[in-house]
Participant: 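Next up is a structure, given as structure tokens.
Worth knowing before you read on, the calculation uses all heavy atoms, side chains too, and leaves out hydrogens, waters and symmetry mates. For clarity, every value in this text was computed on a predicted model and none was experimentally measured.
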Amino acid sequence: MPPSSIPSPSPDFSGLWIPLVTPFQHGAVDHAALSALTRRLAGDGVAGFVVCGSTGEAAALDETEQLAALDTVQAAAAGLPIVMGLSGYHLGKTTAWVRRLAEWPLAGLLVPAPHYIRPSQAGLLEWFRAIADASAAPVLVYDIPYRTGAALTRETLLALAEHPRIRGIKDCGGDMAKTRAVIADGRLQVLSGEDHQIFGTVAEGGVGAIAASGHVQTRRFVQVLRLLAENRLAEARAEWQPLQPLIEMLFAEPNPAPLKALLAHGGSMRNELRSPMTRASDALRERLVALDARLSRP
């Protein structure tokens, strides 16, 4: 039976999802560091993990490396759900990869628009529907026009919500009116993909976030989302406001360089990225270390 004819599950993407960095050691994926990082985050109350997203430098990993990273995270995730990121612009190759990923017990696929091509809205509908038809797992639409060059309109997102396997959106679209419309429609779960917009998106009715910043100060991020879910806005705001300078610094230079610098300082991994990504500046690293230390004090 083809995946599109199988009754769709009812996933819940609520809470804090971590788009994992990919640690490297002397040019190779550092699976020991990736496993330890996953175990630590799993113990900090996160909802699940995204493997091979942009924070994971997936564009610099070949298919064998991506699947090996997925296996490592799955073994270390303590049963937490895993979403696999993917990207591309060749529909046939992308759907073939999606069908191969059916061999893994994934909670979902995180799927952006095809990069570079900049198709019409009709083309975007064809792209996402074809991938959803091929997928054995629910699909999260990754709306991130500044990476793909293609903006999904409100009408396109609501049309995609009709597909039984398209169940949510990672929202980096930069249009709060569109975000509100999707939340109000109710068919897609909305997760903030811009870390500085977590509070506003969830307060408006979003279900959570896929947030690179959550690698650090993880329990505080988890607590913010928990308090928002309980409508305890004042308490959530008190936890959230000290995190805003941290988020700003973590994205002051291209992600994940600042994040890797901070994690490396804490001993979680080497401060290593794959070209053309480069390490964060020393000045930014020192500011991040000092701020994280202040936030960690009782």
Participant: Hey, are S192 and D171 close enough side-chain-wise for a donor-acceptor pair under 3.5 Å?
Facilitator: no
Participant: Going by atom types only, do D12 and Q189 share a side-chain donor-acceptor pair under 3.5 Å?
Facilitator: yes
Participant: What residues, two or more places apart in sequence or in another chain, satisfy side chain to side chain contact (heavy atoms under 4.5 Å, CB included) together with R154?
Facilitator: L158, A177, K178, A181
Participant: Between E253 and S281, is any side-chain donor less than 3.5 angstrom from a side-chain acceptor?
Facilitator: yes
Participant: Taking the basic N atoms (NZ, or NE/NH1/NH2) and the acidic carboxylate oxygens, is any pair closer than 4.0 Å for E235 and R226?
Facilitator: no
Participant: Going by atom types only, do T153 and T156 share a side-chain donor-acceptor pair under 3.5 Å?
Facilitator: yes
Participant: Does a salt bridge link E65 with R274, judged by any charged N lying under 4.0 Å from a carboxylate O?
Facilitator: yes
Participant: Please list, one pair per line, the donor and acceptor atoms closer than 3.5 Å that link side chains of residues 103-119 to other protein atoms, with sequence neighbours excluded.
Facilitator:
unit_1	atom_1	unit_2	atom_2	d
W104	NE1	D71	OD1	2.7
R118	NE	G149	O	3.3

Participant: Would you find more than 12 non-hydrogen atoms of other residues, nucleotides or ligands less than 6.0 Å from Y89 atom OH?
Facilitator: no
Participant: Could you tell me if H265 and D292 have a donor-acceptor pair between their side chains, going purely by distance under 3.5 Å?
Facilitator: no
Participant: Quick test of your reading of the model: are D44 and R40 salt-bridged, counting only N-O distances below 4.0 Å?
Facilitator: yes
Participant: What I want to find out is whether R180 reaches E204 closely enough, with some N-O distance under 4.0 Å, to be called a salt bridge.
Facilitator: yes
Participant: Step through the shown structure and confirm whether more than 12 heavy atoms of other residues, nucleotides or ligands are within 6.0 Å of CZ on R279.
Facilitator: no
